Amino acid sequence: QSALTQPASVSGSPGQSITISCTGTSSDVGGYNYVSWYQQHPGKAPKLMIYEVSNRPSGVSNRFSGSKSGNTASLTISGLQAEDEADYYCSSYASSSSVVFGGGTKLTVL
Amino acid sequence: QITLKESGPTLVKPTQTLTLTCTFSGFSLSTSGVGVGWIRQPPGKALEWLALIYWDDDKRYSPSLKSRLTITKDTSKNQVVLTMTNMDPVDTATYYCAHVRDGYNPAAFDIWGQGTMVTVSS
């Protein structure tokens with residue numbers, strides 16, 4: 001069971017949109033619609049932003065959206081704001097009845 | 001309101017066994033569909049899923065760490081305990097427990113504890 005692959009870093013200017021990819025295999029991302037995304041600010045616990053590929057928990061801004069195509073899931077943040085600067089992690093259910101996380105992506109708001 | 005809090009030693013020696021307790025409130029682990037998981041994060045590194053236990057005592061473990069992990073629950077105390085044997089310096093990390101949003105989707109942790117830092121050193 002290998003970690004899901006995410007870009008190490010992405011950046012964007014305020015107001016722009018960015019997309020973070022999360023690539024797995026047919027045994028995890030591609031095989032189930034159980035992909036989640038988490039936001040983590042320095043020194044804080046992760047926060048669930050997206051679950052089941054594209055659903056937002058109550059209280060999460062609609063600027064955050066998720067999608068999936070084949071073995072790759074994506075998180076898109078529109079209308080970037082300074083407060084969005086954080087680390088982002090994807091996770092997926094895997095066929096080994098386990099959960100796998102991605103390596104994390106550092107988002108910098110320029 | 002759901003809350004979770006991790007507790008345990010901050011320092012363990014190599015080869016020792018680590019025991020962490022997650023004490024929660026706002027839900028019951030005897031309710032159908034409820035689950036609690038453990039996730040860790042080494043300093044400056046990514047999250048790593050460790051284990052999960054459901055209301056019906058179904059237990060899931062990370063394949064790479066399965067031989068070293070045991071997860072149990074005490075419903076009467078609202079606690080979940082994780083033990084990890086044969087600790088090594090590479091196990092130094094912040095350990096989190098978290099509430100599973102829905103019983104059928106173990107990858108969605110909607111409420112997290114604050115985390116507890118564990119250092120493995122002689």
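Reminder, nothing fancy here: chain letters follow the sequence lines and each chain counts from 1. Fair warning: this is a prediction, and the values are worked out from it, not measured in the lab.
- In this pair, B/Trp112 and A/Tyr38 present their aromatic rings perpendicular. The plane angle is above 60°, beyond the 30 to 60° band.
- For B/Phe109, the parts sitting under 4.5 Å from any heavy atom of chain A are the backbone and the side chain alike.
- The residue among B/Glu48, B/Arg60, B/Arg101 with the most heavy atom pairs within less than 4.5 Å of chain A is B/Arg101.
- By the criterion of side-chain heavy atoms lying less than 4.5 angstrom apart, applied directly or through intervening Ile, Leu, Val, Met, Phe, Trp or Tyr residues, B/Trp49 is grouped together with A/Tyr51 in one hydrophobic cluster.
- Note on B/Val120 and B/Tyr95: same hydrophobic cluster, where clusters join Ile, Leu, Val, Met, Phe, Trp and Tyr whose side-chain heavy atoms are under 4.5 Å apart, directly or indirectly.
- Looking at A/Tyr34, both its backbone and its side chain come within 4.5 Å of chain B, counting heavy atoms on both sides.
- Ranked by heavy-atom pairs under 4.5 Å with chain A, the list B/Ala98, B/Gly113, B/Ser62, B/Pro63 is led by B/Pro63.
- In the hydrophobic clustering of ILVMFWY residues, with side-chain heavy atoms under 4.5 Å counting as a link, B/Leu4 and B/Leu82 come out together.
- Of the two parts of B/Leu52, neither the backbone nor the side chain holds a non-hydrogen atom closer than 4.5 Å to a non-hydrogen atom of chain A.
- Interface summary for chain B: among A/Pro46, A/Gly102, A/Ala3, the most heavy-atom pairs under 4.5 angstrom belong to A/Pro46.
- Cluster membership check: A/Val99 does not share its hydrophobic cluster with A/Tyr88, using side-chain heavy-atom separations under 4.5 Å among Ile, Leu, Val, Met, Phe, Trp and Tyr.
- The minimum heavy-atom distance linking B/Ala107 with A/Ser36 is given by the pair O-OG, 2.9 Å.
- Across all their heavy atoms, B/Leu47 and A/Phe101 have their closest contact at O-CB, 3.5 Å.
- Atom-to-atom distance recorded for B/Asp110:CG and A/Met49:CE is 13.5 Å, nearest 0.5 angstrom.
- A heavy-atom distance below 4.5 Å is not found between the side chains of B/Tyr61 and A/Ser98.
- Here OG of A/Ser97 is found 15.5 Å from NZ of B/Lys59. Values are rounded to the nearest 0.5 Å.
- Note: the hydrophobic cluster containing B/Leu50 also contains B/Val36 (ILVMFWY, side chain heavy atoms under 4.5 Å, direct or indirect links).
- The OH atom of A/Tyr93 sits 14.0 Å away from the OH atom of B/Tyr104 when rounded to the nearest 0.5 Å.
- Side-chain contact between B/Gln41 and A/Gln40 is present, with at least one heavy-atom pair separated by less than 4.5 Å.
- With values rounded to the nearest 0.5 angstrom, A/Leu48 atom CG is found 11.5 Å from B/His99 atom NE2.
- With a 4.5 angstrom heavy-atom cutoff, A/Pro57 does not touch chain B via any of its atoms.
- With a 4.5 Å cut-off on non-hydrogen atoms, A/Ser92 touches chain B through its backbone but not through its side chain.
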